[in-house]
Amino acid sequence: MNQLAAVIAVCALVPGVHCAIGWCYHQASCNDSTWPIIAPIHCNGSRQSPIDINSTSAEPDSNLTAFSFKNYSSTSALKTIRNSAWTVKVTLGSGVQISGGGLPESYDCIQFHLHWGNGSSVPGSEHTVDGKRYPMELHIVCSKSSYHRNTSLALLDPTGIAALGFLIEETSGEATPASWHNLTSYLPNITNSGDSVSMAPRISLDDLLVGVDRTKYYRYLGSLTTPNCNEAVVWTVFKDPIKVSRDLIERFSTTVRFVNNSSPFMTNVYRDLQPLQRVTTQVTSSSACTELCVCCSLALVALTLAAKDIY
């Protein structure tokens, strides 16, 4: 414990050491195995993320309706792209919102970021589905509109944050889709921690989410996946993955670095799986049919018994 405290102190005082607020991904002294010690109030909680989603045990929920996505088609919504020392983060402009989807109110979408492993052959998604880990994962982070983009207030609310998780898998071809080719073209400009550049109005969120049926998803209540691991997140993980070519996936783990040119490339930036939570999913036609058949069967039994009483 004393050694860990010393590491945290060094990270706070020495500019060249990557261990922002005492946590990291790539060093044994401050990786995710130490987070429950570094940030015990939340990282030791009972609804931590990410999790493995078991598709067969996900419970149908009729409240999980279709989403409404506002300004996801705007090519000027993506403002800046930044190396945050633990991920690549894109800041979104005002007016990008989601509503519906069983959420308690509308949410303002503030940023998106990514998690990855070490190239397309080393999986790096945070969530897994039926034990499968994908090469990458994209998270769009939104806060309740009633908090007016004040995430400090949102993090005090058990449902203050809505996070949309999109799994990413490798597809054939090179530099596809074009939207992801555009996104990754900025990476050479943000190789060092803290580097940030403005984005030209060329691609939209819809462009990046091409091929995903956003009416099919899983839902659970969880947390942020980095310290302080606040348990304030309504998680939506979409069933369809985004398909991105291998060369574009591999640009992340071979271009950006944790600190600077003398530090390692940014690889394996994902948290290990946490204890399972209750997962729900939208009601499909087959599950609705099953419920209807059960109701019909019960009604038939009731009519039969009533007929016996009459005769």
Side-chain angles (χ1 to χ4, degrees), residues 65-84 86-101 103-116 126 136-155 160-168 175-190 194-217 224-226 233-238 240-244 248-249 251-252 255-256:
T65 56
F67 281 99
S68 175
F69 298 92
K70 183 180 179 181
N71 285 331
Y72 269 55
S73 62
S74 171
T75 56
S76 60
L78 282 62
K79 297 300 185 182
T80 60
I81 184 167
R82 182 174 184 266
N83 177 336
S84 73
W86 61 270
T87 187
V88 169
K89 181 171 72 173
V90 173
T91 301
L92 303 174
S94 60
V96 182
Q97 291 184 331
I98 56 171
S99 58
L103 297 175
E105 63 172 86
S106 64
Y107 285 68
D108 295 321
C109 298
I110 298 168
Q111 53 102 337
F112 74 80
H113 61 268
L114 299 111
H115 298 268
W116 62 87
E126 295 215 294
M136 294 184 71
E137 185 169 343
L138 182 152
H139 293 163
I140 301 177
V141 181
C142 315
S143 65
K144 278 184 176 178
S145 297
S146 56
Y147 294 130
H148 306 290
R149 299 171 71 92
N150 186 329
T151 53
S152 297
L153 290 177
L155 289 173
I161 300 292
L164 309 182
F166 296 87
L167 301 165
I168 299 170
T176 55
S179 56
W180 281 80
H181 180 263
N182 183 291
L183 178 69
T184 56
S185 70
Y186 289 96
L187 297 182
N189 298 318
I190 57 167
D195 287 349
S196 177
V197 295
S198 298
M199 298 183 67
R202 294 175 183 167
I203 56 174
S204 68
L205 286 171
D206 282 342
D207 294 332
L208 294 172
L209 307 179
V210 62
V212 177
D213 183 347
R214 282 176 257 166
T215 67
K216 299 177 180 178
Y217 57 88
L224 300 181
T225 62
T226 57
V233 184
V234 181
W235 271 102
T236 301
V237 179
F238 291 87
D240 289 347
I242 304 170
K243 297 181 183 296
V244 178
L248 298 185
I249 291 174
R251 286 185 186 181
F252 287 88
T255 307
V256 293

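- V244 has its side chain out of reach of T176: every pair of non-hydrogen atoms, C-beta onward, lies at least 4.5 Å apart.
- With a 4.5 Å cut-off on side-chain heavy atoms, H139 and H115 count as touching.
- Here the closest non-hydrogen pair linking V233 and A163 is CG1-CB, 3.6 Å.
- With values rounded to the nearest 0.5 angstrom, H113 atom NE2 is found 13.5 Å from R82 atom CZ.
- Note that CD1 of I98 and CG of N71 are 13.0 Å apart. Values are rounded to the nearest 0.5 Å.
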Test side chain to side chain donor-acceptor pair (under 3.5 Å) on E105 and S146 and set out the steps. CA-CA 8 Å; E105 63 172 86; S146 56; 3.1 Å; yes

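- Among residues two or more places apart in sequence or in another chain, the side-chain hydrogen bond (donor to acceptor under 3.5 Å, both in side chains) test is passed with T225 by E126.
- The side chain to side chain contact (heavy atoms under 4.5 Å, CB included) test applied to T236 returns F67, L164, Y217, R219, F238, not counting sequence neighbours.
- Shortest non-hydrogen contact noted between S143 and I161 is CB-CD1, 3.9 Å.
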Run the side chain to side chain contact (heavy atoms under 4.5 Å, CB included) test on Y72 and C109 for me, step by step, so that the C-alpha distance in whole Å, both residues' side-chain angles and the decisive distance to 0.1 Å come before the verdict. CA-CA 10 Å; Y72 269 55; C109 298; 3.3 Å; yes

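- Between the SG atom in C142 and the CG atom in L92 there is a gap of 8.0 Å [rounded to 0.5 Å].
- Counting only heavy atoms from C-beta outward, the side chains of L209 and I140 approach each other to under 4.5 Å.
- The side-chain hydrogen bond (donor to acceptor under 3.5 Å, both in side chains) search around K89 returns none, not counting sequence neighbours.
- We find the NZ-OG distance between K70 and S68 to be 9.0 Å, quoted to the nearest 0.5 Å.
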Side chain to side chain contact (heavy atoms under 4.5 Å, CB included) assessment of V141 paired with F112: CA-CA 6 Å; V141 181; F112 74 80; over 6 Å; no

Determine, stepwise, if the pair E137 / I168 fulfils side chain to side chain contact (heavy atoms under 4.5 Å, CB included). CA-CA 5 Å; E137 185 169 343; I168 299 170; 5.8 Å; no

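- Within the 3.5 Å criterion, the main-chain N or O of A154 finds no donor-acceptor partner in the side chain of T151.
- Side chain of T75 to backbone of S204: no donor-acceptor contact under 3.5 angstrom is found.
- Not a single side chain to side chain contact (heavy atoms under 4.5 Å, CB included) links T65 to another residue, sequence neighbours left out.
- Each side-chain hydrogen bond (donor to acceptor under 3.5 Å, both in side chains) pair with one or both residues in residues 180-190, not counting sequence neighbours, appears once here: T184-R251.
- Applying the side-chain hydrogen bond (donor to acceptor under 3.5 Å, both in side chains) test to D108 and every residue at least two apart in sequence or in another chain returns Q97, S145.
- Inter-residue side-chain proximity for L167 and I242 is flagged as unmet; no heavy-atom pair is nearer than 4.5 Å.
- With sequence neighbours excluded, the residues forming a ring-ring contact (aromatic ring centres under 6.0 Å, His included) with F252 are W116, listed by chain and number.
- Residue pairs meeting the salt bridge (charged side-chain N to carboxylate O under 4.0 Å, His left out) criterion with at least one partner in residues 194-210, sequence neighbours excluded, are D206-R214.
- Scored by the salt bridge (charged side-chain N to carboxylate O under 4.0 Å, His left out) test, K216 finds D213 as partners (sequence neighbours excluded).
- Between the CG atom in L183 and the CG atom in L208 there is a gap of 5.5 Å [rounded to 0.5 Å].
- Counting heavy atoms from C-beta on, the side chains of F69 and V96 never come closer than 4.5 Å.
- Counting only heavy atoms from C-beta outward, the side chains of L187 and N83 never approach each other to under 4.5 Å.
- With sequence neighbours excluded, the residues forming a side chain to side chain contact (heavy atoms under 4.5 Å, CB included) with T80 are T91, S196, S198, listed by chain and number.
- Applying the salt bridge (charged side-chain N to carboxylate O under 4.0 Å, His left out) definition to pairs two or more places apart or across chains, those involving residues 142-154 are K144-D157.
- Considering CE of M136 and CZ of F166, their distance stands at 14.0 Å, rounded to 0.5 Å.
- Residues meeting the ring-ring contact (aromatic ring centres under 6.0 Å, His included) test with Y107, sequence neighbours left out: none.
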